[in-house]
Amino acid sequence: MMQATRLLALCSTLVCITGATAAPPFYDTWQTFTTSDGLPSDKVMCVLATDDAVWVGTDHGLARWYEGEWSSYMRSDGLAHDAVMCLAQDPDSGDIWIGTLGGLTRYSAGRFDTFTQLNSGLVNDVVYGVTVHRGEVWAATAAGTSRYEIAAKRWSIYDETNTPMHEIWCYSVTGAGDRIYLAVWGGGLLEYQIDRDHWKDYRDPDGEMEIDLFRNDGLVHDVVASVTVDEAGRVWVATYFGLSSYDGRKWRNFMDHDSPLISNFVNFVAAKGTNCFIATDNGLNVSDRENWWSYQRDPETGRGIVVWYPAGAPLQKFETDTIFPHNYILGISFQGDDLWLATERGVARGSCTQAQTVGVEVKALKLDESRTVPALEPERIVVRTEKDNQIEGAQP
Amino acid sequence: MRLTDRYTLAWQLAASLLVSMFVAGVVSVSFADELETPVQRAPVFLQVEANGETLLVLNEKSGTLMRLDLNTGEILREVPVGQSPFDLALHPDGTHCFISCRRGQEIVEVDVQTFEVRRRLPLLGDPTGLAVSGDGLRLYAGVHSLDQVAVFDLETGLEIMRLTAGNGPEWIRRSPDGRVYVTNLLSNPVAPDESCRNEITVIDDASSRVIERIILTNANIGRQIAFTADGSTAVAVISRPKNLVPMVQVARGWVVTNGFVILSPFEEMPPVQLLIDLPNQAYADPYGVVMMPDGLKFYISSAGMDMVIAVDLERVRDVMPKAISGEIPRASDHLGLSRQYVAARIPVGANPQAMALSRDSSLLFVANRLHDSISVIDTSSDIVIRTMNFGTYAETSPVAQGERFFTNAARIFQNQFTCTSCHPDNGFDGLQYDLEPDGLGRNILDNRNLRGVRDTAPFKWVGSNPDLTTQCGTRTAKWIVRTGWLRSSEVVSLAEYIRSIEPVVNPNVATDGELTSAQRRGKAFFERTRTNDGSPISEENQCHFCHSGPAFTNYRKFDVGTKAPMDSKAEFDTAHLTNIFESAPFLHDGRAATLEEIWTIHNPGDRHGISSDWTKRQLNDLVEYLKSLGAAEGSRR
């Protein structure tokens with residue numbers, strides 16, 4: 001009852017405020033799936049929700065949730081490797097591309113076809129990121145990035161010899177319009193203009209320093225784990241030392257001491273509309289750069305702690321009965337109004353049961369660019385325990 | 001131009017005579033008047049038009065679309081449409097159709113009334129089967145060389161999607177229930193010691209996405225598919241090669257069997273494969289299939305036996321539960337079952353392939369590809385009532401005669417197979433064979449592509465046959481057909497035909513023949529004389545030493561370190577590289593599934609070229625170059 005009252009209060013607050021920015025929905029109900037439900041492992045590395053199914057990559061197999069049931073696929077079924085690191089759907093054919101620690105696999109209507117560095121042009125078998133864009137598969141690997149033109153069955157390699165790739169450890173790749181963005185671990189962000197066949201790199205102006213000397217002067221750090229592009233064309237970059245966003249003209253960086261970002265250790269970012277969903281080692285943020293949500297699991301109670309940070313207004317804190325199973329989040333995917341998260345202890349689906357919070361219009365209280373973001377530390381809820389931080393297989 | 005202006009009476013008489021020689025009870029309806037040079041048409045597709053009075057015919061060799069008057073057999077109109085037309089899909093509005101042209105590398109849209117070409121949609125990669133979506137907005141086209149289905153937006157004419165099919169998509173047909181079925185010529189890739197697995201790819205027409213892949217175990221060479229009117233039953237023709245047992249088994253009727261598969265998409269029932277063969281009589285190379293609208297009977301053309309087989313579907317349904325339950329053991333290989341459901345075996349003209357029913361289904365028209373004629377079968381009596389001969393084709397030239405031998409099972413023991421059975425579309429079947437009676441599992445050899453095989457002697461993987469006449473003569477008689485086979489002059493004709501087989505157009509070559517930057521780098525690497533550290537590479541270990549000359553072979557044998565424990569010899573013929581992009585798997589026993597694997601897995605001791613110093617980029621460039629060997633249409637490099 002208390003929770004419902006609080007939610008109602010939140011909704012009333014939001015509805016009363018008018019403005020131009022669409023607030024992200026408040027995911028107030030969560031469902032968790034683990035090995036007890038049929039997952040091959042609880043260590044979920046990635047998740048991909050499609051129109052009719054959910055694909056879950058774990059450290060020990062691939063799972064598919066379809067018509068309410070889980071199915072598992074292993075190497076013996078045709079998967080390149082049991083450790084599944086990334087997933088992408090071909091928006092045209094619907095085929096699923098699966099990046100593993102042993103190669104790249106295509107799942108197409110029940111058939112697995114595997115591409116490795118030994119049997120194909122794939123540059124390296126350790127595939128961290130994959131996307132399908134404009135009829136081409138891009139695979140970010142531990143030794144550069146491969147491009148596979150599906151119709152022509154032609155492979156190309158992008159590495160230090162033909163791009164400004166200062167490191168070849170590519171961690172994530174995404175496509176938007178005529179651009180491909182590569183997250184290079186230690187090498188910053190690379191942008192490939194497809195039509196011009198031109199590469200451009202974005203690096204941290206501070207070099208390898210783990211502090212940001214000058215605010216918003218560029219990419220916050222070169223250790224980039226993930227990249228996404230929102231509906232407004234803004235590029236969001238996940239680093240292990242903070243979050244960056246770039247609108248094509250200016251950078252804005254967010255760190256845990258100057259914004260509601262839960263943790264500087266950002267594993268994954270995914271855009272929906274003008275919001276960026278930010279998976280960290282300590283919970284989930286959602287932001288449009290001005291307004292923020294944070295979602296965390298209280299490891300003591302297992303309840304959710306949700307904070308709403310409207311721009312220029314006091315934050316509000318809520319509790320939910322359900323939340324994702326672990327604060328270490330590695331992947332995000334969207335399915336209609338639902339949100340799917342890959343976590344250390346299973347995969348979670350977040351839903352917004354309070355329909356009126358979906359798409360609520362809130363007043364756009366833009367911060368003055370020169371103004372410091374209000375200090376939020378006193379109100380912030382920091383849920384970090386030694387137990388939570390003992391992450392097996394965590395990436396550097 | 002009316003063809004009646006092009007024929008001579010002599011040719012008419014010759015054609016009529018040949019028809020009468022081949023087909024009993026034929027009524028020749030020929031119209032040829034004058035002709036200086038015989039024109040071989042090779043009809044491969046038929047469709048009765050909405051008026052019921054005329055028939056659309058696609059001719060493979062003449063590259064023409066023609067309209068026949070079904071009453072008189074007269075050619076009302078004939079126009080060139082492109083090189084090697086294969087399939088025709090009528091748009092639902094009935095005003096226009098689409099024709100795939102395999103060598104032409106295009107889809108041609110033609111106004112059905114005027115026969116005017118509206119537009120040409122380029123499609124590299126050997127376009128094959130076609131189907132228009134139910135809403136008429138999209139076109140599905142098989143891309144044979146690339147194992148894909150291209151989806152076109154018919155409003156813009158642009159390709160909007162590329163789907164992954166099975167191995168060599170062949171025919172595409174839309175079921176009455178709204179699904180689109182793609183048959184695939186070859187088995188999906190399997191290891192050399194595995195049986196083949198042909199796939200039927202199923203596309204949801206509403207989303208244009210692949211929704212199912214039906215695997216047909218032990219089946220290869222998938223051809224046409226047909227449906228009952230309600231879509232509840234589909235029949236596709238298949239062959240079942242027994243490639244893992246020695247070819248000496250031909251004497252036991254156990255090399256290739258021929259049949260069909262029944263699919264029941266509305267029921268939880270597995271595909272049921274059954275044969276049309278008899279214990280001592282095979283019906284080689286099943287190709288076309290047509291379903292009667294009442295769903296009681298279907299017809300299969302046996303291209304290798306010049307026959308049409310009428311199958312009673314009700315009797316097939318009686319057999320199916322017993323086949324599934326095992327009450328009839330090994331029903332898919334059972335040579336005695338066909339007596340239960342084959343209603344008639346009907347002799348027609350040479351190399352029958354496509355068929356079509358009249359509007360009232362009382363007549364079945366059969367395209368006799370190597371006879372330039374159409375047999376007309378009365379579907380109530382299942383006998384040929386007449387033959388419409390519209391050409392002058394006769395086996396006059398050695399090449400034409402050789403093609404007839406290549407595609408006909410008459411000289412094979414029990415008519416079990418033809419050259420085409422293992423070399424469909426003049427290529428290869430992707431399988432490895434235990435050819436010789438030297439013990440089970442010994443000297444397994446990969447079947448080789450015949451497209452572009454001329455001037456690549458010697459033949460056989462061990463290079464023991466100096467020319468095609470040797471390869472196709474005594475050796476074939478002794479090891480393969482195990483019967484009388486051909487006279488010497490006939491073997492020469494067969495060899496001439498094989499020499500005439502053109503390679504397919506290579507989709508990896510730009511139309512102007514220019515190499516891409518990766519292909520240029522690969523070419524330089526192919527021709528390298530030093531390793532990456534600058535050390536010289538001995539001449540015989542340089543790629544272009546063995547793979548030299550116009551076909552990239554020096555015609556010699558080498559030991560490249562691939563001798564298997566069960567191989568008798570270590571030296572193998574240097575494979576030619578023309579269109580090697582299409583001939584996976586590789587090496588003498590097919591152990592390399594891809595070109596990359598030749599060097600990443602199967603090059604012990606750097607004996608197949610020094611590859612241990614290669615970078616991944618160099619390997620990729622080399623593969624890109626190798627895939628480009630085989631010129632684009634009309635270009636020379």
Side-chain angles (χ1 to χ4, degrees), chain A residues 50-53 66 78 89-97 103 105-126 132 134-137 139 141-163 165 168 197, chain B residues 123-125 143 145-151 159-166 188-189 197 199 201-204 207-215 507-508 510 516-519 581-582 584-585 592-602 615-624 627-628:
Chain A
T50 65
D51 288 344
D52 62 352
Y66 181 68
Q89 185 178 35
D90 183 330
D92 297 328
S93 69
D95 291 349
I96 305 297
W97 288 82
T105 298
R106 173 178 55 203
Y107 175 91
S108 180
R111 196 179 93 194
F112 290 95
D113 298 314
T114 283
F115 305 87
T116 70
Q117 61 191 35
L118 297 183
N119 75 5
S120 75
L122 181 69
V123 65
N124 188 272
D125 282 351
V126 179
V132 187
R134 287 185 165 187
E136 296 177 340
V137 181
T141 83
T145 288
S146 282
R147 175 187 191 178
Y148 179 63
E149 299 165 60
I150 295 171
K153 291 184 156 182
R154 185 182 299 124
W155 291 89
S156 304
I157 293 174
Y158 296 100
D159 58 15
E160 79 283 3
T161 66
N162 57 352
T163 75
M165 193 180 288
I168 58 172
D197 189 23
Chain B
L123 182 59
L124 290 176
V143 188
S145 293
L146 296 170
D147 310 325
Q148 296 167 337
V149 172
V151 185
E159 184 183 333
I160 56 172
M161 202 180 296
R162 192 63 75 96
L163 307 174
T164 300
N188 285 344
R197 293 158 48 87
E199 175 182 311
T201 314
V202 186
I203 300 169
D204 171 45
S207 65
S208 294
R209 288 182 171 181
V210 177
I211 55 170
E212 189 178 4
R213 298 179 186 277
I214 301 167
I215 299 299
N508 300 293
T516 66
S517 55
Q519 290 166 348
F581 83 93
E582 68 159 352
T594 64
L595 285 168
E596 286 87 352
E597 285 188 358
I598 294 173
W599 297 283
T600 58
I601 298 176
H602 302 296
T615 67
K616 180 63 179 169
R617 181 182 292 277
Q618 288 171 326
L619 173 60
N620 279 15
D621 290 343
L622 177 66
V623 168
E624 281 303 308
K627 285 162 56 182
S628 78

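Naming convention: chains lettered A, B, ... in sequence-line order (proteins, then strands); numbering from 1 in each chain.
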Tell me, side chain or backbone of [X] under 4.5 Å from chain A's heavy atoms, or both, or neither?
X      : answer
B:L595 : neither
B:N508 : side chain
B:A584 : neither
B:V210 : both

Original post:
Within a radius of less than 6.0 Å around CG of A:D52, do more than 12 heavy atoms belonging to other residues, nucleotides or ligands occur?
Top reply: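 More than 12 heavy atoms, drawn from other residues, nucleotides or ligands, come within 6.0 Å of this atom.
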Original post:
More than 12 heavy atoms of other residues, nucleotides or ligands under 6.0 Å from CZ of B:R197: is that the case?
Top reply: no
Original post:
Is there side-chain contact between B:R617 and A:N162, with heavy atoms separated by less than 4.5 Å?
Top reply: yes
Only pairs under 3.5 Å count here: list side-chain donor-acceptor contacts from residues 150-157 of chain A, not counting sequence neighbours, and write none if there are none.
{"residue": "A:K153", "atom": "NZ", "partner": "B:L146", "partner atom": "O", "Å": "3.1"}
{"residue": "A:K153", "atom": "NZ", "partner": "B:D147", "partner atom": "OD2", "Å": "3.2"}
{"residue": "A:R154", "atom": "NH1", "partner": "A:E149", "partner atom": "OE1", "Å": "3.0"}

Considering all heavy atoms of both residues, which atom of [X] and which atom of [Y] are nearest to each other, and what is their separation?
X      : Y      : value
B:T600 : A:Q117 : CG2-O, 4.2 Å
A:N119 : B:E597 : CB-OE2, 3.3 Å
B:R209 : A:D90  : NH2-O, 4.0 Å
A:S93  : B:R162 : CB-O, 4.2 Å
A:D92  : B:M161 : O-SD, 3.4 Å

Subject >> Atom pair OG1/CZ of B:T164 and A:R111 - distance to nearest 0.5 Å >> reply: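 B:T164 OG1 to A:R111 CZ: 6.5 Å, rounded to 0.5 Å.
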Subject >> Any donor-acceptor N/O pair, B:T594 side chain to A:S120 backbone, under 3.5 Å >> reply: no
Original post:
Okay, side chain of B:N620, backbone of A:G121: is any donor-acceptor separation there less than 3.5 Å?
Top reply: yes
